[in-house]
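Order of the sequence lines fixes the chain letters, A, B, ..., with proteins taken first and strands second; residue numbering starts at 1 for each chain.
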Amino acid sequence: MRISHLAGERVKDSPSLATSKSHILLHRAGYIKQVSNGIYSLLPPAQRVSLKIQNIIREEMNKIEGQEVLMPVVMPRELWEESGRYSLIGNEMVRFKDRTGHDMLLGMTHEEAAVHMIKNTIKSYSQLPLMIYQIQTKFRDEARSRAGLIRVREFTMKDAYSFHATQQDLEVYYQRMLKAYINIYTRVGLKNIISVASDTGMMGGKVAHEFMFLNEIGEDSIAICSHCGQMSNVEVATGLVETKTNIQKPLKQVYTGKAKTIEEICTMFKIDASQTCKAVCYAIKGDESNIVVAFIRGDLEVNEAKLKCVLGKDIVQTKLGDSGLVAGNIGPINLKANNLTVVYDASLKDEKCLIAGANKDEYHIINLSFSRDMNVKFVDFSKAYHNQTCANCRCGKFSISRGVEIGNIFQLGTKYTASMGMTVHSAEGEEINPIMGCYGIGVGRTLACIAEESCDKKGLCWPFSVAPWHVYLCPLKYENKNVKTISEKLYEDLEQAGIEVLYDDREISAGIKFAESELVGIPLRVIVSPRGLENNMVEFSYRKTGEKFEINIDQIVERVKAEIKKNM
RNA sequence: CGGGGUGUAGCGCAGUUGGUAGCGCACGUGGUUUGGGACCAUGGGGCCGGGAGUUCAAAUCUUCUCACCCCGACCA
């Protein structure tokens with residue numbers, strides 16, 4: 001590629017709005033251009049990287065018997081009614097009408113389409129397992145996109161769907177997929193990747209893993225145990241909650257006046273927040289009059305993902321309004337209101353001297369001991385925190401890190417095959433719903449994470465496996481006839497040898513060429529200059545280390561070839 | 001959806017008692033330079049996000065609206 005004709009430009013100024021390294025550099029180096037909030041065009045360099053990532057994914061999917069397909073971006077409402085998700089998913093799904101007034105939607109995931117594609121054509125367990133995948137555009141109308149390609153509304157995704165006759169078969173395949181994912185991330189050159197246990201959310205299913213790129217720009221929190229090494233999304237992490245007090249005292253109601261918040265109560269009684277029982281209120285989504293009161297020890301926070309699992313329903317934040325609850329004085333004893341769901345966190349179970357609301361304005365109760373005063377069930381919905389003891393090994397401490405989710409794998413179960421009526425004959429001759437797994441990788445996000453990880457002060461620094469080009473051919477004093485002739489010849493020779501070259505055929509100063517070659521991040525650079533040509537030499541250098549040496553011009557093609565081979 | 005912020009040339013920005021727009025980079029032309037983002041001269045490029053209003057006169061004041069950014073809520 002001749003840089004003089006390359007679409008896009010490289011600029012010194014970064015967008016004032018950009019915050020992440022990948023956003024700034026991809027913008028400055030002419031890889032991406034924003035079209036709208038969370039919607040980007042990929043310029044040639046970015047598209048080349050994207051295609052390389054896609055090809056690596058494709059190869060790894062094919063290795064585990066994946067069959068590449070293509071499902072539609074636009075789907076009719078009816079297909080999503082079958083699974084029940086048409087009404088379940090909020091406005092992150094774009095809905096619209098076609099010319100006849102028919103309800104249509106933009107696909108944000110393709111379980112329905114996948115089941116639709118193969119249902120009725122696969123009739124027997126003997127045709128399973130089967131995996132189909134596609135690499136295709138998804139649109140999710142995220143409320144808040146950010147950080148360049150890290151979080152966008154439109155993106156390219158690899159999504160795969162597997163079908164199995166037995167759970168055991170799914171589990172075996174799931175492990176193969178996990179390995180394939182690790183291969184993919186290794187091959188694209190990402191290092192800071194871990195797989196963590198995750199919440200299954202609206203996808204349904206039980207077992208799920210997320211692949212996290214550990215980085216401070218991430219929006220997910222991951223708990224990693226210092227002892228047993230268990231890694232999970234904070235949404236599902238369980239820490240050990242130690243009981244603080246073991247002395248019992250008589251239950252009493254006391255006047256507390258205007259003291260409402262945990263902080264105010266703690267100040268008034270000179271106690272720690274762990275000696276209080278707080279009430280956190282939500283409403284059931286879709287049935288907002290149904291108030292959920294979640295009691296939890298005052299020093300802990302509610303993990304809403306866990307709470308949703310416990311309730312089996314989606315929740316939203318709510319104002320108490322006319323529910324009959326006394327804001328600031330809600331407590332477990334004498335709690336009365338219409339249409340109430342009450343849950344108790346495990347942290348309260350063994351505490352003996354808690355202060356809680358008395359359900360009466362300006363009053364609290366003290367010395368509450370659940371084991372003595374209440375007969376209720378406890379469930380875990382507290383949020384894991386930094387330095388908390390891990391509940392798995394009961395020994396190590398959690399360290400909480402930030403991560404960007406760049407892929408996930410789910411054991412889905414029969415949610416979609418059952419709701420959409422897909423059956424096959426089992427070995428025993430029964431009609432069964434195949435068990436599904438689904439597996440996603442965000443291509444653009446992966447690209448952004450590689451950029452985030454592989455860069456320095458000067459610019460991007462792509463791994464060979466995904467670099468848009470392998471060599472930056474950089475003639476200096478290009479107007480010099482000798483330089484020009486030899487460079488042109490070298491460009492031709494390199495291309496002939498099947499090497500991907502970005503050829504800086506511009507008559508501009510050396511400084512700009514150096515700066516841009518580093519900004520664009522091509523792994524190798526070859527400099528042709530009058531100085532070198534006096535001795536028939538060119539300069540060869542590595543982007544990553546800056547290491548450089550002179551090479552005889554007759555040997556350069558072979559050298560570049562060998563270098564690429566070595567690093568792929 | 002809440003809170004905050006920004007919209008002026010392709011990009012980054014300046015522009016207050018209101019007087020019809022400027023700087024740097026980039027781009028065109030001529031010349032001098034030439035191994036780390038050179039310099040001189042010269043030129044092109046703007047419905048000052050959009051509508052409505054106040055005024056003799058609006059980038060500037062008022063008002064409505066739209067877009068984008070940041071923080072939160074939300075999110076396979």
Which whole number of Å gives the distance between the [atom1] atom of [N] and that of [M]?
N	M	atom1	value
B/U8	B/G4	C1'	22 Å
B/U29	B/C68	C1'	37 Å
B/C75	B/G15	C1'	42 Å
B/A52	B/A59	P	14 Å
B/A57	B/U65	C1'	25 Å
B/C23	B/C40	P	14 Å
B/C1	B/G37	C1'	45 Å
B/A26	B/A38	P	8 Å

Checklist entry - So, for A/Ile150 and A/Cys449, which heavy atoms are closest and what is the spacing to 0.1 Å? => result CD1-SG, 4.2 Å

Next on the checklist: For A/Tyr174 and A/His209, I'd like to know if the aromatic rings sit close, meaning centre-to-centre distance below 6.0 Å.
Outcome noted: yes

Checklist entry - Quick check, are the ring centers of A/Phe211 and A/Tyr185 under 6.0 angstrom apart? => result yes

Next on the checklist: Using heavy-atom distances to pick each residue's nearest nucleotide on RNA chain B, tell me which of A/Ser36 and A/Val528 is more 5'.
Outcome noted: A/Val528

Next on the checklist: Could you check whether any side-chain N or O of A/Ser36 sits under 3.5 Å from a backbone N or O of A/Ile39, counting only pairs where one atom can act as donor and the other as acceptor?
Outcome noted: no

Item to check | Test item: A/Asp456 side-chain N/O and A/Cys461 main-chain N/O as donor-acceptor pair under 3.5 Å | outcome: no

In whole angstroms, how far is the [atom2] atom of [N] from the [atom1] atom of [X]?
X	N	atom1	atom2	result
A/Leu43	B/C11	CG	P	13 Å
A/Glu142	B/G72	CD	P	15 Å
A/Glu507	B/U32	CD	P	14 Å

Between the side chains of [X] and [Y], does any donor sit under 3.5 Å from an acceptor?
X	Y	value
A/Glu301	A/Tyr385	no
A/Glu171	A/Gln175	no
A/Tyr439	A/Ser162	yes
A/Thr109	A/Glu111	yes
A/Lys138	A/His110	yes
A/Arg176	A/Tyr181	no

Can a side chain N or O of [X] be found less than 4.0 Å away from OP1 or OP2 on [N]?
X	N	result
A/Gln34	B/C69	yes
A/Arg144	B/G72	yes
A/Asn37	B/C69	yes

Next on the checklist: I want to check a possible cation-pi pair here: A/Arg506 against A/Tyr478, using under 6.0 Å from ring centre and within 45° of the ring axis as the test.
Outcome noted: no

Checklist entry - Should the pair A/Arg445 and A/Phe213 be classed as cation-pi, given the thresholds of under 6.0 Å to the six-membered ring centre and 45° from the axis? => result no

Checklist outcome for this item: Expected list for residues 529-546 of chain A near RNA chain B, using heavy atoms below 4.0 Å, is A/Ser529, A/Arg531, A/Glu539

Checklist entry - Between residues 473-491 of chain A and RNA chain B, which residues have a heavy-atom gap below 4.0 Å? => result A/Leu476, A/Lys477, A/Glu479

Next on the checklist: Under the rule for side chain to side chain donor-acceptor pair (under 3.5 Å), what residues qualify as partners of A/Arg144, not counting sequence neighbours?
Outcome noted: none

Item to check | For A/Ser145, all residues meeting side chain to side chain donor-acceptor pair (under 3.5 Å), sequence neighbours excluded | outcome: A/Asn37

Checklist outcome for this item: With both pairing distances under 3.5 angstrom for Watson-Crick or G-U wobble, and | for a partner in another strand, the correct string for RNA chain B is (((((((..((((.....[..)))).((((((.....)))))).....(((((..]....))))))))))))....

Item to check | A/Arg151 (side chain) and B/C75 (base): donor-acceptor pair under 3.5 Å | outcome: yes

Next on the checklist: Categorize A/Ile527 for me: base, sugar-phosphate, or nothing, with a 4.0 angstrom heavy-atom threshold over every strand shown.
Outcome noted: base

Next on the checklist: Any base atoms under 4.0 Å from A/Asn408, or only sugar-phosphate, or nothing? Heavy atoms, all strands.
Outcome noted: base

Checklist outcome for this item: Letter by letter from the 5' end, nucleotides 36-42 of chain B scores (B base, S sugar-phosphate only, - none; protein heavy atoms under 4.0 Å) BBS----

